[in-house]
Amino acid sequence: MLFHKSVRATSALFGFLFLLVTAAQAQTAKLPNVTILATGGTIAGTGATSTTTVGYTAATVGVQALIQAVPEMTKVANVTGEQVFQIASENMGNEHWLQLAKRVNVLLGQPNVDGIVITHGTDTLEETAYFLNLVVKSRKPVVLVGSMRPSTALSADGPINLYNAVNLAGSPAAVGKGVLVAMNDQIHAARDVTKANTTTADTFRAAELGMIGYIQGGKPYFYREVTRKHTVETEFDISRLDALPQVDVAYAYANVGAVAVNALVAAGAKGLVHAGVGNGSLPARTKPALVAAREKGVVIVRSSRVGQGIVARNGEANDDQLDFVVADTLSPQKARILLMLALTKTSNTKEIQRMFYTY
Ligand code: SIN
């Protein structure tokens, strides 16, 4: 009798536990699946003390430790992590971008991945974001995130930024918006955002064109549409590329000459972005070197070091006559990315100009 009672009690307990586990599984199954690809940077950095916010070591904490530091993420997404690289982002190279983009495309092609977060150093985060914006072949969200304070600092911004990024990457509202940057409770479009302060937490800005949304309480709120083509709408395919054409930037300043332009061409540049003054103006001592480079087949893009505004075609130089391309509103570092990708398709400057007005 006693034996029967205890068997009944045990099976009731097992039944209850089974229901609990099934309910928990059903709950987890409803959450989006977000993969975090870790590449290093300050978000994975450590300092000697909690007040060390400069002079720390970037890229030391692994992806599993980053995930464990933010257990709140498990309530909003099924999170998995991969360590793709462990570098400070000043060392990011074309080869890293190709490897990262290929991995992103493979993961997003899987039905069980709903979105991707890429943890990244902030110094070149905007460049990686724009590169991916042009070569990712999916409408699923890809969100780049970093931090300005290392993980060991007082008020480290990494955990909240990562929590926000995971929420954003798992949100249906972020589908089809191109590659996004989530920093400081703000959402930025890859094309327009730039790092604008050397050290403060509000460093990512898209000054005049503006951010596209906020993240509040883990929920994204969008206020603007991205109008330039991106991701599945672009003509770029890196799936079979092992390298990108050499493109460099020559920076203009008072008293600049032709040394940098000539050296870059001699070093094998297939394209040159000139970071001109003002409206992309060409200093008289640099212009002949650019003209000579173009005659050798190097594609020249006129951009501006100013940081805002359109570089007017046939404005400060006769681009039609010189056979130069203008960068539109792209910063020199982003114009370099688009020119590299353009050169994988064509060396026709009219076509390349079209691309600069499209992306
Ligand atoms: C880096 O870009 O890797 C270092 C700086 C940072 O992440 O803020």
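Numbering of ligands and ligand atoms starts at 1, following listing order.
Residues Val34 and Val143 have side chains not in contact (no heavy-atom distance under 4.5 Å, counting atoms from C-beta outward).
Other residues, nucleotides and ligands contribute only 12 or fewer heavy atoms inside 6.0 Å of the OH atom of Tyr214.
Under a 4.0 Å N-O distance rule, the pair Arg224/Asp192 does not qualify as a salt bridge. We find that Lys345 and Asp237 are not joined by a salt bridge, their nearest charged nitrogen and carboxylate oxygen being 4.0 Å or further apart.
The 4.0 Å heavy-atom shell around ligand 1 contains residues Gly41, Thr42, Ala88, Ser89, Gly121, Thr122, Asp123, Ser147, ordered by chain and number.
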Report, one line per pair, each donor and acceptor closer than 3.5 Å where one atom sits in a side chain of residues 267-281; sequence neighbours left out.
unit_1	atom_1	unit_2	atom_2	d
Lys270	NZ	Gly268	O	3.1
Asn279	OD1	Ala312	N	3.0
Ser281	OG	Glu316	OE1	3.4

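Listed for the Glu233 side chain is a donor-acceptor partner under 3.5 Å among the backbone atoms of His230.
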